[in-house]
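My questions will all concern the structure given below.
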Amino acid sequence: QVQLVESGGGLVQAGGSLRLSCAASGGTQTFSTYSMGWFRQAPGKEREFVAVVIRSGGDTYYGDSVKGRFSISRDNAKNTVYLQMNSLKLEDTAVYYCAANRRYGLGLRIAQYDYWGQGTQVTVSS
């Protein structure tokens with residue numbers, strides 16, 4: 001069983017930046033065997049895909065609403081994945097979740113992920 005713990009959320013003004021981290025531990029597979037994704041869920045809305053990075057960190061993919069503003073990266077030596085969020089907008093307010101999947105590369109769907117963190121709140125104010 002892989003445990004994922006997100007951190008770095010908080011309150012930020014529109015136009016500002018935050019960096020989220022997700023630390024992985026446990027499980028029988030090494031961290032580098034998992035593709036890692038970020039999803040978010042705003043109040044009253046469904047959870048949506050934000051970004052994904054493949055095992056080696058060499059390939060990434062982003063949701064349309066965050067392209068050009070967010071950047072996902074990973075440090076396999078630290079078992080950690082990051083989400084750098086710049087030019088934040090009010091509509092970026094949500095709980096952000098990291099997730100791990102072993103079978104799919106650039107997984108975009110919730111069902112493709114095996115493990116999930118508890119989430120970290122990001123609130124963007126005007």
Side-chain angles (χ1 to χ4, degrees):
Q1 188 77 6
V2 174
Q3 289 80 45
L4 302 174
V5 179
E6 302 96 336
S7 61
L11 176 65
V12 62
Q13 285 192 322
S17 299
L18 278 176
R19 188 175 83 152
L20 305 183
S21 300
C22 172
S25 62
T28 57
Q29 304 290 329
T30 59
F31 179 70
S32 61
T33 64
Y34 294 92
S35 286
M36 299 298 297
W38 286 96
F39 290 76
R40 68 186 182 185
Q41 188 165 17
K45 295 187 176 182
E46 294 185 350
R47 193 170 297 190
E48 67 170 351
F49 168 78
V50 174
V52 61
V53 58
I54 64 169
R55 300 163 184 83
S56 66
D59 204 1
T60 58
Y61 191 81
Y62 298 89
D64 288 341
S65 61
V66 306
K67 281 180 182 177
R69 299 187 299 122
F70 290 12
S71 177
I72 188 171
S73 62
R74 65 191 295 160
D75 185 338
N76 287 341
K78 296 182 178 180
N79 290 357
T80 301
V81 62
Y82 305 96
L83 185 68
Q84 178 66 43
M85 305 186 296
N86 299 326
S87 302
L88 283 161
K89 303 176 181 180
L90 296 178
E91 53 264 40
D92 294 319
T93 295
V95 177
Y96 284 71
Y97 300 89
C98 74
N101 91 76
R102 293 178 297 170
R103 296 162 291 170
Y104 304 92
L106 296 174
L108 307 184
R109 296 185 289 115
I110 292 170
Q112 292 175 316
Y113 287 80
D114 305 295
Y115 304 103
W116 292 84
Q118 293 299 307
T120 185
Q121 176 71 48
V122 171
T123 303
V124 184
S125 65
S126 59

- Query: So which heavy atom on M36 is nearest to which on I72, and how close?
  - Reply: O-CD1, 3.7 Å
- Would you say the side-chain atoms of Q3 pair up with the backbone N or O of Q1, donor to acceptor, closer than 3.5 Å? yes
- Query: Counting only N and O atoms by type, is there a donor-acceptor contact under 3.5 Å from the side chain of T60 to the main-chain atoms of V53?
  - Reply: no
- Task: Would you confirm whether E6, through its side chain, and G119, through its main-chain N or O, come within 3.5 Å as a donor-acceptor pair?
- Result: yes
- Task: Provide the closest heavy-atom pair for V2 versus G26 in the form atom of the first, atom of the second, distance.
- Result: CG2-O, 4.1 Å
- Task: Kindly compute the distance separating OG (S35) from CG (L106), expressed to the nearest 0.5 Å.
- Result: 6.5 Å
- Test Y34 against every option in R103, Q29, R55 by the side-chain contact (heavy atoms from CB on, under 4.5 Å) rule and name the one that passes. Q29
- Just how far is it from atom SG of C22 to atom CZ of R74, taken to the nearest 0.5 Å? 10.0 Å
- Message: Tell me the closest heavy-atom pair linking A94 and A42, and the distance in Å.
- Response: CB-N, 3.8 Å
- Query: Do the side chains of Y62 and S71 get nearer than 4.5 Å, heavy atoms only?
  - Reply: yes
- Minimal heavy-atom distance between K78 and T80, with the atoms involved, is O-OG1, 2.8 Å
- Hydrophobic cluster identity match, I54 and L4, side-chain contacts under 4.5 Å: no
- Message: If you count heavy atoms of other groups shown closer than 6.0 angstrom to OH of Y115, is the number above 12?
- Response: yes
- Item | salt_bridge(D64, K67) N-O dist < 4.0 Å | yes
- Item | hydrophobic_cluster_shared for F49 and V81, side chain cutoff 4.5 Å | no
- Message: If we ignore hydrogens and angles and just use 3.5 Å, is the side chain of D114 paired with the main-chain N or O of R102 as donor and acceptor?
- Response: yes
- Query: Is W38 reachable from Y113 through a run of I, L, V, M, F, W or Y residues, each pair having side-chain heavy atoms under 4.5 Å apart?
  - Reply: no
- For Q13, does the CD atom have more than 12 heavy-atom neighbours from other residues, nucleotides or ligands under 6.0 Å away? no
- Item | Side-chain (T123) to main-chain (L11) donor-acceptor, under 3.5 angstrom | no
- For the student: nearest non-hydrogen atoms of N86 and S17, plus distance: OD1-OG, 2.9 Å
- Report whether L90 and L20 are members of the same hydrophobic cluster (ILVMFWY, side-chain heavy atoms less than 4.5 Å apart, transitive linking). yes
- Query: Counting only heavy atoms not in Q118, do more than 12 sit closer than 6.0 Å to its CD atom?
  - Reply: no
- Query: Can D92 and R69 be said to form a side-chain contact (heavy atoms from CB on, under 4.5 Å), step by step?
  - Reply: CA-CA 11 Å; D92 294 319; R69 299 187 299 122; 2.7 Å; yes
- Message: Closer than 3.5 angstrom, by distance alone: can the side chain of R47 be matched with the main-chain N or O of Y97 as a donor-acceptor pair?
- Response: no
- Message: Out of the candidates Q121, Q41, M85, only one should pair with Y96 under the side-chain contact (heavy atoms from CB on, under 4.5 Å) rule; please name it.
- Response: M85
- Message: Within the 4.5 Å heavy-atom criterion, are L88 and F70 side-chain neighbours or not?
- Response: yes
- Do you know the tightest heavy-atom contact between V66 and V50? CG2-O, 3.5 Å
- Item | Flag side-chain contact, heavy atom, 4.5 Å: R40 against V122 | no
- Should V52 and V95 be counted in the same cluster of Ile, Leu, Val, Met, Phe, Trp and Tyr side chains packed under 4.5 Å apart? yes
